Every structure is written in C-alpha cells, then in structure tokens.
Asks: 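Below: one structure in structure tokens.
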Amino acid sequence: MKPKILLLTGETTKYTQYLLSQLLTSCSSRISLSEVSMSPWTPQEANVTVTFGQEVLSLFSDESLSDVRGTVLQGKDGRKIIPTIDLKDLVIDLSLDIIIRADLLKACREKDFSELKLPAWRFKSNPTYIECMTYLNDACEDRFVNDPLSMIAFDLETDMKNQQIICLGLAHSDSEGISIPFSRNGESVWTVDMEIALWKKIGEFFASPVKKVAHNACFDVASLWQNNRIWTNNLYFDTMLAWHVLYLPSGAKGFGMKKDLGFVASMMLNIPAWKHKSEEDLAIYNIKDCCATWALVSPLEKDIKNKGLAEIFNLEMSEIESVCYLSLRGIKIDLDQKNKVELELTNLYSEIEEKLYTLLGFDYGITENINFRSPKQLKELLYVTMGLPIQTVRGTDTVTTSEKALEKLYRKTKNEVLNLILQHREVAKLKSFCDIKLSPKGRVHTSYNIAGTTSGRWSSSENIILPYGSGNLQQIPLRGNGSIIRSMYIVENPENWIIQADFVQAEAVIVAYLIGDSVLKEAFRLKKDIHKVTASMMFNLPLEDISPEQREIGKLIRHATNYSLGANGLADVLRCETSIAKRYLEAFHASCPQLKRWQETIQYQLKSNRSLITPLGRKKVFLGRLDDTMFRSAYSFIPQSTIGDLLNKSLVKFYELYGEEYSLLLQLHDAMYVDDVPESKIQDCIDKMKSCMIWELKINGETCIVDVDFKKGKNWKDMEKIK
DNA sequence: GTTACTCTCCC
DNA sequence: CATGGGAGAGTAACA
C-alpha cells in the first residue's frame, strides 16, 4: 500500500532524525505514523509529499522556498507537494519547529486525496463603474449590517511615491471580492465625476456599521483618512494584531515567525502562495489579500477566545485610532533652530576632523584620508598602524572599535586620537538627526507599530504615509550634548505648552511587587529616593549616609540586575574593574535574595509550559532552546510588557475621553506627551492625564500603583518638572 | 538593489 | 564568557 504522506528530508543526522521524530510525535493525534513514509531523496508514490529545504524542493519545482513554504503546490511530475524548511535550519533555531509542525498538519489535511484543490475564486478584477457601484451598494446592505457573521475585508494598494491610492480591494467571503481601481500606470481610471461618486459611495460603506476587517488596519485606516477624509467605522478585526497577540514572534530575527499576511496565511489557511507573483495583475493580488484576510478572521478569533486572550487583543484593537491620530498629526519643527543646530554641528565636525588629521600626520605620518565611520578602516588604524592593544566584544573574539572599547583604550593610553575619534563619532551621529525632511507644513511624522515588539510596547519607525522626519521618534537623543537635537521639536503655538507624563521607575516598581521585596515596595509607596534605598540595602548603611557615588551605583545596578547582568557587563556600565563590579553584585544579591528566587520560578515556569502571562493578561510563548538568553529575555518580559500595555491603555483612555480637548503628541514606552496646552489649562490637563494613568494593578494578590510625574516645556528639550 | 554587519540612539 | 526590548545610518560585499 502506498503511504499517504511522504517526507523527503534531504540529508539527515541522528540529531535531525530525532528532532523530526519529536515533531511527528507532537502531531500524533492527527497523523498516524503508519501513514507516513520517510526518505532522504528518493521520490515514491504518495498523496502528498513534504519537502524539507530548498534543495529537495528544487527536485520538484522552480519556486523559491521562501515564497511558497507551507503552501500546497503541484510539482513538475504532477505530484502534490508541501515545501517546508530545512531540518538543518531547525537545528540552528529550534523555535522553527512551530512552522514545520503547521506544515505537517497541513499535509495531514491533504493526505487522503492526490489532486490539487484550488479555491473557487470569483473575482471582479477589472470592474466597470456600474459593477463597482453595485458592489458597494450591496456591501452596505442589510445583510451585512444585521447578520453577525457577515463582514467585509478591505485592503489598499498605494503608490508611495505619488502618495495616491491605486486600488481598493474588498472581499465578502474567502473567495469572492472586487478590486476597485483608481490609477493605472499613473493615470486615472475614471472621469472626475465618476471618481467623486465612487469615493462618496466608498465613504458611505466605511461609515456604515458593517463589520470591517483588515491586516494591519493602521495603514489602511490612516491612508483613507489622510487621502480621502474617510473614517473607518466598526473596524471589527485586525488579523495582524490577532496574530501578534497569539504568537508574539520569538526566536531568530527575520527567519522564524513573521507577521505579514502571506506568512500568517501559510500557517493557518489552505490557499496557494500569491504574494510573490509580481507578474500577476495587481488587482488579483489585491483581492486575494482581502480574501485571505477574510478567511483568517474566524480561525484567529477562535484561537484568541480559547486561549483567553480576548482582553489583550481588544486593547491592541483599541490602540489603532490613537496610533492613526499620532502618526498623522506629527510634531512641529522650528526650522531656524534646526538650521542653527545643524550649522553648529557641521562646523564642529570639520574642526574635529582637522584636529584628527593634524595629530595623525604629526604622530604617525598618516597622510591619506580615513573614513572614521568605517569599522574596517578604524580597526586598521588603531590596531595595526597605531599598534594599540586589540579590544574585543565581551565574551567573543570579535575585534571592535566601539565607544566602550575606545574609552577603555583612552583611559589606558591617554592618546588624544582616541578622544577625537569618539567626539567625531558623537557629532556624526547627532548630525544624522538633523538630516531630516520636513512636511510641507513643517512637521515630522512617525509610524507607531502596535505589533512592533514581542512585549506589547510599540515600536516607532519611518512613517509610510507621510515620510517626513527622522523615522523613529523613540530614539531622539536626550542625554549629554545630544539633547540639543530635541530643542528643534517645538510646541504647536508658542504661547502654549507641551506636557509630559511619565511613569516613575515603572519597571522597577513592577519587579519589586513580582519578587515580593517588602523594603522596596515600602520605599515605592512612600515615594522615597529608590536608588538611595537600593544603595542603603547594598552597602548596609543608613539612608542619610549614602554618597552621590553610592546612589549612582544603586541606580545602575538596579536597572542592570533586572536583566540579570553579569560582573563584566556591570563593570562596563559602571566603568570600573570587573573585580569591583563582582563585589557590588554579591552585595546586591545578598541584600535582595528575592530576585534570584523569583528568577528561579521563572525558569521553572518556562521549563514546565514555556509561557509567561502578565498581570494585564498578555501571554508570551517562548520557543526554542531553553538557554540563558531565553531566561534573561523571560526575566524582562513581565515588567516590560506590563508597563508598555499600561501606558498604552492609559493613552487610549485619554484619547477617548479627552481627545477632543487635548492633542496627544508622542508616546515613549512609559511616557506620553500632550501638545498645545494653554497656560490656564495646565492643571486641568495634568489632572485628566493622571486620572487616565493611575491604575490599581493586582500582582501576587497585592495592589500595585505606579506613580506619574509631570513636566512642561516650550520645546522637547527644555522640560521642567511640575510641582 | 539587497543583505549582513557594526555602531549608537531610546526606554 | 554572555543585560532585555526596539530602529536607523553607514559601510562593505554581493548580485
């Protein structure tokens, strides 16, 4: 009897065979081993063949594995195959097993028949005006408004360069939809009157109570608002956010779990890959996106419900409107100040460079130009020409020219060249923050990505709709000379104020409650100087005897140990000898034994079920090898995620309650900013922000409250504390 | 043009 | 021997 499923693995080792058998065992409720046949290369008769890796796939198909992984396709010999990833890659990154498992389960669904079953697509890819209008009319119909199961998936294709919408896709089932075109090769598809009528109808549809779903709705919702002043009403489900909540990506970057529609579909649906077919009509691609999105809703919704993640999913959904608002509003830039700062930095840059060349020529006879931003050239200069002792990245033998290494060398040798290179680097970095494009209104914009991190914090990156500014606004310099950059970010109207509200020592408070350190909890409740308290515990001294230096050590060690920093790392942070750092660490752990005990319980939890859940109900599954790196990442997850979610929850609440009255400006993980607050309303604004930010968190049965601090300023640099 | 890598900015 | 979570600029090497 021929096997139903054939696994073509390519070359294997004992270890990869073991991993594969583990995988099959984990699927044993669905796959009977008697139905499976295994072979490294030799094709045999089977209903479905799973190919592991590019090499095996190439025996059957010219497709690239990264395009078609996890999809059912017809091989050259007519055989039905499902390509999956190479077992060799599984050895490198064990977290990939979740992907192979999904592909094996797909093979299981395909095992009883040998023919390729394609979805019965019914597309209107090149519709007439009448067809568009008819579809839109139907979409607003009672059926879609009243039937709780009815919903419409939508997706925009835009031309970034000309900032215009190419087409709008809509789907009302997993196989039926339309793509309404607007622009083809840069030219309008419709007459002006037709286009106006179409957009009016589209506006009606988006304003209607019909349930709408999308993958990464922030982009489509913000685009529709920016380009057409169309607001999306009753946005019911974002498949990307659902995926993010269910499977916070973990494991190696860019290799394992991704969040794009093609990948999510490959994991959950049974449709052919369509994303890489660039020769295909954009309209077809557009509708297929919508159909895939539509089809994903029900399985994702079921998973979210079953895993008890509805609350955290609803939080992420509620963030969409605030994120659209923040990204489209942007921040005002003082052009004069920008030019002034830029000029100063440019002058300083040339000055430093000149000094460097003078010194290098005098001391080392160097006459040719050196690119000080090139690590390669710098290594040559420092470690060969100048013969300085070679510095490596801690724990490795990678040669480095990093800031830390150069500082260390400077402390040792007092060679002015090192100091100048450091200054050169600093100024070059700052200069890059001035090199920004302003919008026609003199503003900069960023995109906040709700699904940007594994913790629930937002990430910030270049705005895809309004590509103005320096991209990530969560990394604008703050400390030292760099703070000058923030002076060009200014309040909307000069007579008004920017108000900043941030959680005080947020993550440390959460840690104190998690580990149950009563001294620390008491200190937070009484709003004591927490770094002094840490130092006092460490050095076993009364609070009033703590010197500023000891307080600084307390501050750094608290932050560092939350991520389980070692002695060498602490030595780097404190800029001291490893032996001294080691003594500090011992003193710290002696004064706070709860931390290590808590870390052990985290390790235990990971070993037993590989997942952690935060006080706000966010769950992260840790895939891959249970090693130190994973444990460290786990220690930081709960505090980081709790504060991220708490701030975003506060921000959404403020936006919903007071968004008409006050304009949100920025989000910085544990802080939010409001713009353009009149002098007379500062107190009112603060009261309202505070009312949205103070929450009673239950941690280990105790009530934990994170306090909030306020600052005001005319620009982002000169912020002074209020009260 | 894409990709890997280094370096440095934020919380 | 090993501090968590991000993004972007720049260089270098590849296609």
Side-chain angles (χ1 to χ4, degrees), chain A residues 248-250 253-255 370-379 392-406 421-422 424-436 446-449 451-463 469-483 485-486 502-503 505-508 511 556-574 578 581 585 599 602 620 622 627-644 647 666-672 716:
Chain A
L248 288 171
S250 65
K253 282 264 165 62
F255 205 65
I370 294 170
N371 184 350
F372 298 103
R373 279 162 308 196
S374 160
K376 201 182 165 194
Q377 293 184 33
L378 209 53
K379 277 174 204 170
T392 57
V393 176
R394 185 160 18 90
T396 71
D397 42 17
T398 315
V399 179
T400 180
T401 59
S402 69
E403 190 183 10
K404 288 246 158 53
L406 264 55
I421 291 173
L422 282 167
H424 186 275
R425 276 242 187 90
E426 188 190 8
V427 175
K429 178 79 178 174
L430 292 183
K431 245 160 62 87
S432 75
F433 283 103
C434 294
D435 185 19
I436 53 176
T446 191
S447 279
Y448 292 105
N449 313 305
T453 76
T454 55
S455 63
R457 294 209 306 205
W458 294 351
S459 73
S460 158
S461 55
E462 182 178 38
N463 193 306
S470 57
N472 184 349
L473 271 183
Q474 291 175 326
Q475 57 168 176
I476 304 299
L478 170 71
R479 286 176 263 277
N481 301 328
S483 66
I485 300 298
R486 292 197 177 196
D502 65 308
F503 285 130
Q505 290 297 325
E507 288 180 24
V511 171
L556 292 171
I557 208 166
R558 172 70 60 192
H559 184 253
T561 47
N562 285 344
Y563 305 131
S564 69
L565 188 74
N568 279 308
L570 185 62
D572 273 356
V573 177
L574 292 174
T578 307
L585 265 183
Q599 291 180 346
I602 292 291
K620 178 169 175 176
F622 291 79
D627 54 13
D628 274 1
T629 310
M630 180 189 285
F631 290 139
R632 275 194 295 273
S633 150
Y635 303 148
S636 65
F637 170 66
I638 295 179
Q640 197 170 100
S641 170
T642 306
I643 293 305
L647 189 275
L666 272 167
Q667 188 268 23
L668 258 85
H669 305 304
D670 63 354
M672 60 192 222
W716 194 9

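Since this is a predicted model, take the numbers as computed values, not measurements. The chains referred to below are lettered A, B, ... by the order of the sequence lines, with proteins before strands, and numbering in each begins at 1.
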Asks: Give the rounded distance in Å between these two atoms: OH of Tyr635(A) and P of dG5(C).
Replies: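 Taking OH of Tyr635(A) and P of dG5(C), I get 13 Å after rounding.
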Asks: Is there a side-chain polar atom (N or O) of Thr400(A) under 4.0 Å from OP1 or OP2 of dC7(B)?
Replies: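 True: Thr400(A) side-chain N/O within range (under 4.0 Å) of dC7(B) OP1/OP2.
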Asks: Nearest of dT11(C), dC11(B), dG6(C) to any side-chain atom of Arg373(A)?
Replies: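 For Arg373(A), the side-chain atoms sit closest to dT11(C).
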Asks: Asn568(A) near the nucleic acid: base, sugar-phosphate alone, or nothing, with a heavy-atom cut-off under 4.0 Å?
Replies: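 Counting heavy atoms under 4.0 Å across all strands, the contact made by Asn568(A) is with sugar-phosphate only.
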Asks: In residues 470-478 of chain A, what residues come within less than 4.0 Å of DNA chain B, judged by heavy atoms?
Replies: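 The stretch gives Gln474(A), Gln475(A), Ile476(A), Pro477(A), Leu478(A) as the residues lying under 4.0 Å from the strand, ordered by number.
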Asks: Pick the closest DNA chain C nucleotide for Ser460(A) and for Ser564(A) by heavy atoms, then say which residue is nearer the 5' end.
Replies: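 That would be Ser564(A).
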Asks: Return the 5'-most residue of the pair Asp628(A), Ser432(A) with respect to DNA chain C, ranking by each residue's nearest nucleotide.
Replies: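 Here Asp628(A) is the residue nearer the 5' end.
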Asks: How are the rings of His559(A) and Tyr563(A) set to each other: parallel, tilted or perpendicular (split at 30° and 60°)?
Replies: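 Perpendicular.
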Asks: Can you check whether Thr454(A) has a side-chain N or O nearer than 4.0 Å to OP1 or OP2 of dG6(C)?
Replies: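 Checking dG6(C) against Thr454(A), a side-chain N or O does come within under 4.0 Å of OP1 or OP2.
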Asks: Looking for any heavy atom pair under 4.0 Å, which part of the strands does Thr398(A) touch: base, sugar-phosphate only, or nothing?
Replies: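 Answer is sugar-phosphate: Thr398(A) comes under 4.0 Å of backbone atoms only.
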Asks: State plainly whether the residues Arg457(A) and Glu507(A) are in salt-bridge range, i.e. N to O under 4.0 Å.
Replies: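 A salt bridge is present here (some side-chain N lies under 4.0 Å from a carboxylate O).
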Asks: What class does the angle between the rings of Phe622(A) and Phe637(A) fall in, given that below 30° is parallel, 30 to 60° is tilted and above 60° is perpendicular?
Replies: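 Because their plane-to-plane angle is over 60°, the rings of Phe622(A) and Phe637(A) count as perpendicular.
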Asks: Does a donor on one side chain sit under 3.5 Å from an acceptor on the other, for Ser461(A) and Asn472(A)?
Replies: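 No.
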Asks: Looking at Thr401(A), does any N or O in its side chain come under 4.0 Å of the phosphate oxygens OP1/OP2 on dC7(B)?
Replies: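 Yes, such a contact exists.
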Asks: Does His669(A) reach the side chain of Trp458(A), with side-chain heavy atoms less than 4.5 Å apart?
Replies: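 Answer no - side chains too far apart.
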Asks: Any side-chain heavy-atom pair from Ser564(A) and Gln599(A) closer than 4.5 angstrom?
Replies: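 Yes, close enough: below the 4.5 Å cut-off.
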Asks: What is the nucleic acid contact for Asp435(A), judged by heavy atoms within less than 4.0 Å: base, sugar-phosphate only, or nothing?
Replies: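 Counting heavy atoms under 4.0 Å across all strands, no contact is made by Asp435(A).
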Asks: Is any side-chain heavy atom of Arg425(A) closer than 4.5 Å to one of Thr401(A)?
Replies: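 Thr401(A) vs Arg425(A): side chains touch.
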Asks: Is the shortest side-chain N/O distance from Ser459(A) to OP1 or OP2 of dA7(C) below 4.0 Å?
Replies: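 So the side-chain polar atoms of Ser459(A) do come within 4.0 Å of the phosphate oxygens OP1 or OP2 of dA7(C), strictly under.
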Asks: Taking OH from Tyr448(A) and P from dC11(B), how many angstroms apart are they, rounded to a whole number?
Replies: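 So the two atoms are 12 Å apart, to the nearest Å.
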Asks: Would you indicate, yes or no, if dA12(C) has its OP1 or OP2 atom less than 4.0 angstrom from a side-chain nitrogen or oxygen of Ser374(A)?
Replies: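 For Ser374(A), the contact criterion (side-chain N or O under 4.0 Å from OP1 or OP2 of dA12(C)) is met.
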Asks: Between dT3(C), dG6(C), dG10(C), which one does the side chain of Arg394(A) approach most closely?
Replies: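 From the listed options, dT3(C) comes nearest.
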Asks: Can you measure Leu668(A) atom CG to dC9(B) atom C1' for me and round it to whole angstrom units?
Replies: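 The answer, rounded to whole Å, is 12 Å.
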Asks: Taking atom types as they are modelled, is there a donor-acceptor pair under 3.5 Å from the base of dT11(C) to the side chain of Lys376(A)?
Replies: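 Flag unset: no donor-acceptor pair detected.
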Asks: Find the distance Lys404(A):NZ to dT6(B):P and express it as a whole number of Å.
Replies: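 My rounded result for the distance is 16 Å.
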Asks: With the side chain of Thr453(A) defined as its heavy atoms from C-beta on, choose the nearest nucleotide among dA7(C), dT6(B), dG5(C).
Replies: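 Of dA7(C), dT6(B), dG5(C), dG5(C) is nearest to the side chain of Thr453(A).
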Asks: Without decimals, in angstroms, what is the distance between Gln640(A) CD and dG6(C) C1'?
Replies: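 So the CD-C1' distance, Gln640(A) to dG6(C), works out to 9 Å.
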Asks: Suppose we call a contact any N or O donor and acceptor under 3.5 Å apart; does that hold for the side chain of Arg457(A) and the base of dG5(C)?
Replies: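 Looking at the base of dG5(C), it does pair with a donor or acceptor on the side chain of Arg457(A) (distance under 3.5 Å).
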Asks: Take the protein atom CD of Gln377(A) and the nucleotide atom P of dC7(B), then report the distance between them rounded to whole Å.
Replies: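 Rounding to the nearest Å, CD of Gln377(A) and P of dC7(B) are 14 Å apart.
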Asks: How about Asp397(A) and Thr392(A): does a side-chain donor come under 3.5 Å of a side-chain acceptor?
Replies: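 No pair is found: no donor N or O on one side chain lies under 3.5 Å from an acceptor on the other.
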Asks: Looking at Arg425(A), does any N or O in its side chain come under 4.0 Å of the phosphate oxygens OP1/OP2 on dT6(B)?
Replies: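 Looking at the OP1 and OP2 atoms of dT6(B), neither is under 4.0 Å from any side-chain N or O of Arg425(A).
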Asks: Looking just at side-chain N and O atoms, do Thr446(A) and Ser460(A) make a donor-acceptor pair shorter than 3.5 Å?
Replies: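 Their side chains do contain a donor-acceptor pair, which is all the 3.5 Å distance test asks for.
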Asks: Could you state the atom-to-atom distance from CG of Asp670(A) to P of dG6(C) in whole Å?
Replies: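 Going from CG in Asp670(A) over to P in dG6(C) covers 16 Å.
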Asks: Mind checking Glu507(A) for me? I need base, sugar-phosphate or nothing, with any heavy atom below 4.0 Å counting as a touch.
Replies: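 The answer is nothing, as Glu507(A) stays clear of every strand by at least 4.0 Å.
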Asks: With a 4.0 Å cut-off on heavy atoms, is Ser455(A) in touch with a base, just the backbone sugar-phosphate, or nothing at all?
Replies: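 No contact.
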Asks: May I ask you to verify if any side-chain N or O of Arg479(A) is less than 4.0 angstrom from the OP1 or OP2 atom of dC9(B)?
Replies: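 Checking dC9(B) against Arg479(A), no side-chain N or O comes under 4.0 Å of OP1 or OP2.
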Asks: Taking CD from Glu462(A) and P from dA9(C), how many angstroms apart are they, rounded to a whole number?
Replies: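 Result: 7 Å.
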Asks: Under 4.0 Å: is that the gap between some side-chain N or O of Ser636(A) and OP1 or OP2 of dT3(C)?
Replies: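 Negative; the distance criterion is not met.
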